[in-house]
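Just below is one structure, and these are the notes that go with it.
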Amino acid sequence: MSPPDPAATAAWLARNAEDCLPAGGLEAKLRTDRPLRVKLGIDPTAPDIHLGHTVVLGKLREFQDLGHTVVLIIGDYTARVGDPSGRSATRPVLSGEEIDANARSFQDQALRVLDAERLEVRFNAEWLDMAMSELFRLLATTTVARVTERDDFAKRLADGSAISMLELLYPLLQGYDSVAIRADVELGGTDQKFNLLLGRDIQRAYGVSEQVILTMPILPGTDGVRRMSKSLGNYVGVADPPGEIYGKTLSIPDTALADWYRLLLDRPVPAELAPRDEKRALARALVERYWDEVAAAAAEAEFDRVFGGHGTPSEVPEVLFAPANGLVHLPALLGQAFDVSTSEARRALAQGGVRFDGEQVDRGVLDVGVDAVDGRVLQLGKRRFARVRIV
RNA sequence: GGCGGGAUUCCCGAGCGGUCAAAGGGGACGGACUGUAAAUCCGUUGGCUCAGCCUUCGCAGGUUCGAAUCCUGCUCCCGCCA
């Protein structure tokens with residue numbers, strides 16, 4: 001990338017970003033002709049990295065490849081305090097060990113996208129565990145009106161729902177991170193726009209050079225509607241096995257295809273492909289990225305066999321079953337094989353959702369002879385398989 | 001400090017003494033269909049020794065033949081006025 005032209009480089013970096021503010025800011029930073037410090041804050045409560053994260057991580061990687069330094073901030077201090085934003089159950093306070101383990105796991109996975117060179121990992125307990133006098137100084141940098149401008153705060157305020165003090169504080173703490181590490185650029189999803197901008201104000205108040213903010217669009221999850229997130233269960237993890245990445249990708253609605261192509265592969269949907277192949281190509285590309293070509297081809301072949309050809313997977317777990325007086329009680333067998341309740345198993349049977357070697361069990365049948373099941377592949381629905389071994 | 005609102009099955013949310021395992025939506029699951037784990041349509045969605053039985057409606061008691069629904073006391077949450 002030499003000799004780099006700052007204007008062109010800035011435009012290239014911002015090409016698929018939602019916002020890059022202030023205008024001309026990134027170009028000016030690049031003109032300083034030194035490695036920039038590019039910040040991303042992460043929350044160590046949910047350690048698994050999914051494709052949604054990779055949109056931002058991929059952008060960080062571009063900065064790295066241009067010679068800049070990525071500073072990953074692990075929000076260990078804030079996690080230790082616990083976020084009371086509603087339903088305390090969803091956000092348990094984590095112990096130090098858990099946070100450390102999560103942070104490590106996050107780093108491992110992040111390295112599937114990031115370059116270990118030019119990477120600095122910092123924990124914000126390093127500077128946030130401050131004296132109260134210093135906290136006061138931080139709090140004095142901003143007003144309530146300023147913070148409650150934030151979209152979601154404004155909305156909640158308007159309809160009379162709860163906002164905790166700590167939530168109000170979060171943007172300030174995040175902004176202080178930027179002061180502490182002297183961030184030149186901070187990345188985030190579009191939902192972070194307010195916090196990132198506030199970071200600039202706080203940096204200014206501390207007499208530090210203000211960061212440029214760059215926000216990336218939010219990747220829709222496998223449901224095609226809501227943002228990809230672990231808690232919504234609509235995510236594809238970068239550490240998922242090839243078959244999972246492939247299958248989950250094929251399950252996205254067609255309407256999400258364009259976003260996935262643009263945000264994950266940085267290219268438009270190939271116009272020459274048939275609708276079905278557009279998605280298969282995407283799924284293959286993603287498996288290749290996190291595994292390799294061999295795994296991608298294998299995942300596709302496996303998928304075609306199991307779902308297209310209604311075959312059984314090449315590898316299925318085995319379940320050992322001890323029949324009572326020569327008969328196999330199917331609800332019991334299903335419960336043992338797939339950890340479903342008896343009632344659930346009965347329902348599946350009543351709905352024709354149980355098969356042996358692909359052959360549907362007649363509805364209403366609850367018991368079968370040993371010979372009818374031993375060594376055969378039991379299937380529940382489309383996705384759960386187990387080879388039965390009578391003992 | 002005062003006043004008011006609320007806690008329901010995975011989630012949201014109806015219910016206001018029996019017809020309630022509890023409407024509706026979401027999600028999930030199953031079936032059909034198909035180019036896919038897409039879309040669409042249909043069905044299911046507390047547990048069990050399953051035409052019956054058992055356990056659920058914040059917690060603990062009480063009233064009643066009978067309570068998610070009424071009363072009392074707790075616990076927690078939320079808003080408003082100071």
Side-chain angles (χ1 to χ4, degrees), chain A residues 84-91 155-165 167 220-236 240-261 269-270 273-287 296 299-313 324-325 327 329-355 358-367 378-385:
Chain A
S85 59
R87 353 307 143 217
S88 50
T90 59
R91 269 277 177 98
K155 219 171 290 168
R156 286 200 276 164
L157 222 40
D159 71 3
S161 49
I163 301 173
S164 78
M165 289 301 292
E167 282 180 273
T222 53
D223 56 9
V225 181
R226 298 169 300 169
R227 61 176 301 153
M228 181 174 285
S229 111
K230 192 180 183 190
S231 56
L232 291 174
N234 61 354
Y235 73 104
V236 179
D240 279 353
E244 284 295 302
I245 294 179
Y246 191 89
K248 284 181 184 174
T249 302
L250 276 196
S251 81
I252 69 173
D254 292 351
T255 51
L257 210 52
D259 280 337
W260 280 48
Y261 260 96
V269 179
L273 294 181
R276 153 195 127 109
D277 293 322
E278 292 171 349
K279 202 181 283 178
R280 289 163 65 94
L282 169 68
R284 237 181 295 120
L286 292 175
V287 179
E300 183 158 272
E302 180 82 354
F303 187 90
D304 288 344
R305 178 165 66 250
V306 177
F307 296 105
H310 295 295
T312 56
N325 45 31
L327 278 182
H329 189 55
L330 294 178
L333 174 62
L334 288 162
Q336 191 172 326
F338 307 117
D339 194 31
V340 293
S341 73
T342 310
S343 300
E344 206 174 334
R346 280 169 176 275
R347 270 181 237 125
L349 284 162
Q351 294 181 125
V354 179
R355 294 161 204 270
E359 205 178 305
Q360 201 171 66
V361 174
D362 289 338
R363 301 178 189 213
V365 173
L366 291 182
D367 298 276
L378 172 68
Q379 179 180 355
L380 175 58
K382 297 187 181 99
R383 305 192 49 194
R384 284 170 284 187
F385 298 88

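Chain identifiers are assigned alphabetically (A, B, ...) following the order of the sequence lines, protein sequences preceding nucleic acid strands; residue numbering begins at 1 within each chain.
- Rounded to whole Å, atom C1' of B:A38 lies 16 Å from atom CG of A:Asp259.
- For the atom pair CZ (A:Arg284) and CZ (A:Phe303), the distance works out to 12.5 Å, reported to the nearest 0.5 Å.
- To the nearest 0.5 angstrom, A:Thr342 atom OG1 is 11.0 Å from A:Leu366 atom CG.
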Hey, what are the protein-to-nucleotides 53-56 of chain B N/O distances that come in under 3.5 Å?
none

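- Across all strands shown, the partner of B:G27 is B:U45, judged by Watson-Crick or G-U wobble contacts whose two distances both fall under 3.5 Å.
- Spacing between B:G5 and B:C53 at atom C1', rounded to whole Å, works out to 39 Å.
- Rounded to the nearest Å, the gap between the C1' atom of B:C33 and that of B:A14 is 35 Å.
- Between B:C48 and A:Ser343, a contact under 4.0 Å exists linking OP1 or OP2 to a side-chain N or O.
- Following rounding to the nearest Å, A:Leu273 (CG) and B:U36 (C1') show an atom-to-atom distance of 15 Å.
- Separating the CG atom of A:Leu349 from the P atom of B:U44 is a distance of 16 Å, rounded to the nearest angstrom.
- OP1 or OP2 of B:C48 lies within a sub-4.0 Å distance of a side-chain N or O belonging to A:Ser341.
- Minimum interatomic distance between A:Ala281 and A:Leu273 (heavy atoms only, all atoms of both residues): CB-CD1, 4.0 Å.
- Between the side chain of A:Tyr261 and the backbone N or O of A:Glu278, at least one donor-acceptor pair lies under 3.5 Å.
- Across all strands shown, nothing is found opposite B:A82 as a Watson-Crick or G-U wobble partner with both distances under 3.5 Å.
- Distance, A:Arg226 CZ to B:G27 C1': 7 Å, rounded to whole Å.
- The partner of B:A38, taking Watson-Crick or G-U wobble pairs whose two distances both stay under 3.5 Å, does not exist in any strand shown.
- B:A7 and B:U45 are spaced 25 Å apart, taking the P atom of each and rounding to whole Å.
- The distance from atom CD of A:Gln379 to atom C1' of B:A37 is 13 Å, rounded to the nearest whole Å.
- The shortest distance between side-chain heavy atoms of A:Leu330 and A:Val354 does not fall below 4.5 Å.
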Note to self: side chain to side chain contact (heavy atoms under 4.5 Å, CB included), that's the test. Do A:Phe385 and A:Val306 meet it? Break it down for me.
What the structure shows: CA-CA 11 Å; A:Phe385 298 88; A:Val306 177; 3.8 Å; yes
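- Taking atom CG on A:Leu257 and atom P on B:G35, their separation rounds to 17 Å, with Å as the unit.
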Show every donor-acceptor pair shorter than 3.5 Å between a side-chain atom in residues 245-254 of chain A and any protein atom, with sequence neighbours excluded, or say none if there are none.
| unit_1 | atom_1 | unit_2 | atom_2 | d |
| --- | --- | --- | --- | --- |
| A:Tyr246 | OH | A:Glu300 | OE1 | 2.5 |
| A:Lys248 | NZ | A:Tyr235 | O | 3.3 |
| A:Lys248 | NZ | A:Asp240 | OD2 | 2.9 |
| A:Thr249 | OG1 | A:Ile245 | O | 2.6 |
| A:Ser251 | OG | A:Lys248 | O | 2.8 |
| A:Asp254 | OD1 | A:Lys279 | NZ | 2.8 |

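- Pairing for B:U64 is absent, judged as Watson-Crick or G-U wobble with the two contacts each under 3.5 Å.
- The side-chain hydrogen bond (donor to acceptor under 3.5 Å, both in side chains) pairs that include a residue from residues 329-340 of chain A are A:His329-A:Asp367, where partners are two or more places apart or lie in different chains.
- Rounded to an integer number of Å, the gap from CZ of A:Arg346 to P of B:G46 is 15 Å.
- Between A:Arg347 and A:Glu344 there is no salt bridge, since none of the side-chain N atoms of the basic residue sits less than 4.0 Å from a carboxylate O of the acidic one.
- Nucleotides B:G15 and B:G25 are separated by 16 Å at their C1' atoms, to the nearest Å.
- Residue-level contact check: A:Gly335 touches neither bases nor backbone, having no heavy atom under 4.0 Å from any strand.
- Mapped onto RNA chain B by nearest heavy atom, A:Leu250 and A:Val340 fall at different nucleotides, with A:Leu250 at the one closer to the 5' end.
- Across the P atoms, B:C59 and B:U75 are found 15 Å apart, a figure rounded to whole Å.
- Nearer to the 5' terminus of RNA chain B, by closest-nucleotide assignment, is the contact made by A:Ile252 (compared with the other of A:Thr342 and A:Ile252).
- A:Thr312 OG1 to A:Arg355 CZ: the interatomic distance, rounded to the nearest 0.5 Å, is 12.5 Å.
- With a 3.5 Å ceiling on both atom-pair distances, the Watson-Crick or G-U wobble partner of B:C76 is B:G6.
- Contact check, A:Thr255 against B:A38: no side-chain N or O comes under 4.0 Å of OP1 or OP2.
- Between A:Ala337 and A:Leu378, the shortest heavy-atom contact is CB-CD2, 4.1 Å.
- Rounded to the nearest 0.5 angstrom, A:Asp277 CG and A:Leu282 CG are separated by 12.0 Å.
- On the C1' atoms, B:C78 is 27 Å away from B:A67, given to the nearest whole Å.
- Atom name P, nucleotides B:C10 and B:G61: the rounded distance is 23 Å, in whole Å.
- Between the P atoms of B:A68 and B:A21, the separation comes to 9 Å (whole Å).
- Atom CZ of A:Phe307 is separated from atom C1' of B:A38 by 13 Å (rounded to the nearest Å).
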Compile the donor-acceptor pairs under 3.5 Å between side chains in residues 222-229 of chain A and protein atoms, sequence neighbours left out, one pair per line.
| unit_1 | atom_1 | unit_2 | atom_2 | d |
| --- | --- | --- | --- | --- |
| A:Thr222 | OG1 | A:Asn234 | O | 3.4 |
| A:Asp223 | OD1 | A:Val225 | N | 3.0 |
| A:Asp223 | OD1 | A:Arg226 | N | 3.3 |
| A:Asp223 | OD1 | A:Asn234 | ND2 | 3.4 |
| A:Asp223 | OD2 | A:Arg226 | NE | 2.9 |
| A:Asp223 | OD2 | A:Arg226 | NH2 | 3.1 |
| A:Asp223 | OD2 | A:Asn234 | ND2 | 3.4 |
| A:Arg227 | NH1 | A:Asp191 | OD2 | 2.7 |
| A:Ser229 | OG | A:Ser231 | N | 3.3 |
| A:Ser229 | OG | A:Ser231 | OG | 3.2 |
| A:Ser229 | OG | A:Leu232 | N | 3.2 |

Next item on the list: For nucleotides 28-33 of chain B, just jot down a letter per nucleotide in 5' to 3' order: B, S or -, based on protein non-hydrogen atoms under 4.0 Å.
Entry: -SSSS-
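- Listed by residue number, the members of residues 276-287 of chain A with any heavy atom below 4.0 angstrom from RNA chain B are A:Arg276, A:Lys279.
- A distance of 10.5 Å separates CE in A:Met165 from CD1 in A:Ile163, rounded to the nearest 0.5 Å.
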